[in-house]
J.: 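My questions will all concern the structure given below.
One is the number of the first residue; the rest follow in order along the sequence.
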Amino acid sequence: MTNLFDPLTLRGITFKNRIGVSPMCQYCCNGDGKPTEWHLLHLVPRAMGGAGMTMVEASAVSPEGRIAPGDVGIWGAQHIGPHQKLAAAIKRVGSVPAIQIAHAGRKGSRGPGWVNAPADEPWTAIGPSATPFGNYATPKAMSEAEILATIAAFAAATKRSVAAGYELIELHAAHGYLLHEFLSPLSNQRNDGWGGDFAGRSRFVVECAKAVRAAMPDKLPMSVRISHTDWVAGGWTTEESVELAKLLKAAGADIIDVSSGGLDAGQKIPLGPGYQVPGAVAVKQGADIPVAAVGLITEPAQAQEIVESGKADMILLARVLLRDPYWPLRAAAALGALESIDAPPQYERGWAALGKVGMDINQGAPLEAL
Ligand SMILES: Cc1cc2nc3c(=O)[nH]c(=O)nc-3n(C[C@H](O)[C@H](O)[C@H](O)COP(=O)(O)O)c2cc1C
């Protein structure tokens with residue numbers, strides 16, 4: 001029986017527990033894709049709160065692959081340095097640094113998440129077909145050359161991510177962004193080799209996964225986030241997700257991060273606690289691959305049940321960690337697993353009442369060197 005606070009090893013990387021910080025866009029770059037002070041301030045407390053993995057938000061593989069101008073980027077050599085600081089800080093407080101690499105496709109060129117409007121200085125978004133999302137601008141259908149260039153951009157972004165020190169790389173193929181747009185018949189109307197039947201619609205995602213894997217050292221794990229269903233009749237289905245997961249496993253994916261929706265404005269999502277967990281179970285059982293479950297997982301006992309019953313190998317948390325970065329510490333207390341928590345010695349007088357003091361961070365680098 002596996003517990004929430006048992007370690008998980010994927011390839012050569014061991015996560016100290018099964019809790020991950022889910023990627024969360026902050027829209028806080030200054031238009032150049034370089035992570036800022038805010039990203040450090042946002043990520044470190046969550047890494048320090050006890051999560052075994054902390055994933056940096058969707059990071060664009062090209063400038064036009066951003067959702068919004070403030071998105072994080074990983075499209076150039078100039079991004080490696082600031083990402084190195086994030087990865088090193090996350091690792092220093094005991095969490096595995098991870099990054100999600102992404103292309104927004106037809107959902108790009110928008111304002112920040114809290115502004116439902118086009119970007120102030122919009123660019124032409126691209127997609128598999130000239131079919132818009134909801135009331136967004138109509139994207140330009142990608143040429144074969146653009147498809148191949150985008151696959152190469154994912155590979156190059158992977159190399160930069162590895163150089164920055166990330167130890168897990170997640171390919172974002174969910175939430176109606178570019179890779180998901182190729183998968184779903186609602187957004188992919190191509191009649192060339194990149195559309196049509198399941199094999200054609202899956203090809204772009206599988207080729208991206210192969211390119212990412214080939215750009216990573218063997219010892220580092222690759223994750224792929226998928227939307228297991230569009231929650232719309234005639235859209236992408238859970239059954240197709242299972243078949244896709246088999247192809248991704250063969251392409252070198254080590255874990256599938258199972259989310260849902262985001263592709264079609266007409267989606268009807270049955271929101272409720274753990275509402276995406278059945279998708280994770282279907283993928284895990286159908287494709288025989290480790291999975292991460294995400295979505296309205298908020299209670300320690302709920303998270304423990306998901307892992308203990310073998311429904312998922314890991315759980316990812318987003319909004320609950322915005323409210324409480326120390327959720328893993330509280331969960332360890334609630335589940336009687338405090339012996340698995342490492343506190344930094346500086347915090348001994350606060351944390352010793354809860355668990356052991358093991359984390360060794362000493363003084364760290366002088367601030368002016370950061
Ligand atoms: C502020 C915010 C930003 C998000 N940004 C991303 C992102 O960059 N990439 C992604 O795949 N999901 C993103 N999500 C979705 C979360 O990772 C997560 O899948 C979703 O919120 C469901 O989990 P929860 O119920 O624990 O919040 C974001 C969610 C929030 C709340």
Side-chain angles (χ1 to χ4, degrees), residues 23 25 33 57-69 71-80 99-110 119 122-133 136-162 166 169-196 199-216 222-227 236 244 247-248 251-253 262-263:
C25 287
E57 67 194 74
S59 300
V61 301
S62 62
E64 72 279 0
R66 289 174 294 174
I67 303 167
D71 279 10
V72 169
I74 187 78
W75 66 77
Q78 70 276 21
H79 296 116
I80 297 174
I99 184 172
Q100 185 184 57
I101 57 173
H103 192 299
R106 67 178 186 169
K107 287 175 81 175
S109 189
R110 304 290 298 172
W123 60 91
T124 303
I126 56 174
S129 305
T131 311
F133 170 78
Y136 288 18
T138 300
K140 175 188 173 298
M142 290 165 79
S143 65
E144 170 108 0
E146 284 170 323
I147 289 175
L148 297 178
T150 304
I151 295 169
F154 272 101
T158 302
K159 288 191 183 142
R160 291 181 204 109
S161 301
V162 171
Y166 292 113
I169 295 173
E170 177 168 282
L171 183 59
H172 194 353
H175 302 166
Y177 297 113
L178 186 65
L179 275 72
H180 185 183
E181 290 160 21
F182 271 85
L183 294 174
S184 176
L186 300 173
S187 43
N188 183 346
Q189 281 101 39
R190 299 181 76 95
N191 49 21
D192 61 3
W194 302 95
R201 284 181 281 114
S202 300
R203 185 173 162 210
F204 181 63
V205 174
V206 173
E207 290 303 319
C208 284
K210 284 184 189 162
V212 168
R213 179 76 262 169
M216 290 173 76
M222 171 170 79
S223 169
V224 183
R225 174 167 271 196
I226 61 169
S227 282
W236 178 255
L244 175 68
L247 299 176
L248 293 172
L263 185 107

J.: Mind checking the OG-CD1 spacing from S59 to I101? Nearest 0.5 Å is all I need.
T.: 9.0 Å

J.: Can you list everything that forms a side-chain hydrogen bond (donor to acceptor under 3.5 Å, both in side chains) with W194? Sequence neighbours excluded, please.
T.: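 side-chain hydrogen bond (donor to acceptor under 3.5 Å, both in side chains) check on W194 returns E144.
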
J.: List in chain and number order the residues that pass side-chain hydrogen bond (donor to acceptor under 3.5 Å, both in side chains) with E146, two or more places apart in sequence or in another chain; answer none if no residue qualifies.
T.: K140, S143

J.: What pairs with T131 under side-chain hydrogen bond (donor to acceptor under 3.5 Å, both in side chains), at least two apart in sequence or on another chain?
T.: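 Listed in chain order: Q189.
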
J.: What residues, two or more places apart in sequence or in another chain, satisfy side-chain contact (heavy atoms from CB on, under 4.5 Å) together with A119?
T.: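 A119 satisfies side-chain contact (heavy atoms from CB on, under 4.5 Å) with P69, S109, W123 only.
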
J.: Looking at every non-hydrogen atom in both residues, tell me the closest pair between A125 and G105 and how far apart they are.
T.: CB-O, 3.4 Å

J.: Quick test of your reading: applying salt bridge (charged side-chain N to carboxylate O under 4.0 Å, His left out), list the pairs with at least one residue in residues 150-162, sequence neighbours left out, ordered by first then second residue.
T.: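 Pairs touching residues 150-162 that pass the test: none.
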
J.: Could you tell me the separation between the OG atom of S62 and the CG atom of L178, rounded to the nearest 0.5 Å?
T.: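 S62 atom OG to L178 atom CG measures 8.5 Å (nearest 0.5 Å).
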
J.: Could you work out, with side-chain contact (heavy atoms from CB on, under 4.5 Å) as the rule, every residue matching A58, not counting sequence neighbours?
T.: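 Partners of A58 by the side-chain contact (heavy atoms from CB on, under 4.5 Å) criterion, ordered by chain and then number, come out as C25, Q100, A102, H172.
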
J.: The criterion is salt bridge (Lys or Arg N to Asp or Glu O under 4.0 Å); which residues satisfy it with E207, sequence neighbours excluded?
T.: K210

J.: Report the distance from atom CD1 of I74 to atom NE2 of H79, rounding to the nearest 0.5 Å.
T.: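 The CD1 atom of I74 sits 7.5 Å away from the NE2 atom of H79.
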
J.: Quick check: do R225 and P23 have side-chain heavy atoms less than 4.5 Å from each other?
T.: yes

J.: Tell me every residue that passes side-chain contact (heavy atoms from CB on, under 4.5 Å) with A60, counting only those two or more places apart in sequence or in another chain.
T.: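 Per chain and number, A60 pairs via side-chain contact (heavy atoms from CB on, under 4.5 Å) with R66, W75.
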
J.: Check side-chain contact (heavy atoms from CB on, under 4.5 Å) between A68 and all other residues, then give those that pass, not counting sequence neighbours.
T.: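 A68 satisfies side-chain contact (heavy atoms from CB on, under 4.5 Å) with Y27, D71 once adjacent residues are dropped.
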
J.: Determine, stepwise, if the pair T150 / F204 fulfils side-chain contact (heavy atoms from CB on, under 4.5 Å).
T.: CA-CA 10 Å; T150 304; F204 181 63; 3.9 Å; yes

J.: My understanding is that only one of L171, V224, V61 makes a side-chain contact (heavy atoms from CB on, under 4.5 Å) with C208; could you say which?
T.: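 The residue from L171, V224, V61 that satisfies side-chain contact (heavy atoms from CB on, under 4.5 Å) with C208 turns out to be L171.
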
J.: Check whether any side-chain heavy atom of L247 lies under 4.5 Å from a side-chain heavy atom of V205, and answer yes or no.
T.: no

J.: Applying side-chain contact (heavy atoms from CB on, under 4.5 Å), run through T158 and M222 and close with a yes or a no.
T.: CA-CA 10 Å; T158 302; M222 171 170 79; over 6 Å; no

J.: Taking side-chain hydrogen bond (donor to acceptor under 3.5 Å, both in side chains) as the definition, give me every residue that meets it alongside E57, ordered by chain and number, with sequence neighbours left out.
T.: H39

J.: Tell me, please, which residues at least two apart from R203 pass salt bridge (Lys or Arg N to Asp or Glu O under 4.0 Å).
T.: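 Partners of R203 under the salt bridge (Lys or Arg N to Asp or Glu O under 4.0 Å) test: none.
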
J.: Distance-only criterion, 3.5 Å: show the donor-acceptor pairs between side-chain atoms of residues 179-187 and protein atoms not counting sequence neighbours.
T.:
unit_1 : atom_1 : unit_2 : atom_2 : d
H180   : ND1    : H175   : N      : 3.4
H180   : ND1    : G176   : N      : 2.8
H180   : NE2    : D230   : OD1    : 2.6
E181   : OE1    : R106   : N      : 3.1
E181   : OE2    : R106   : N      : 3.1
S184   : OG     : L186   : N      : 3.2
S184   : OG     : D230   : OD2    : 2.7
S187   : OG     : E181   : O      : 2.8
S187   : OG     : S184   : O      : 3.4

J.: Kindly give the heavy-atom pair with the smallest separation between A130 and T138, and that separation in Å.
T.: O-CG2, 3.4 Å

J.: Counting C-beta onward and ignoring hydrogens, is there a side-chain heavy-atom pair between W236 and L244 closer than 4.5 Å?
T.: yes

J.: P139 and G127: which non-hydrogen atoms are nearest, and at how many Å?
T.: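 Nearest pair, atom of P139 first, then G127: CB-N, 3.9 Å.
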
J.: Taking the side chain from R190 and the backbone from P128, do they hold a donor-acceptor pair closer than 3.5 Å?
T.: yes

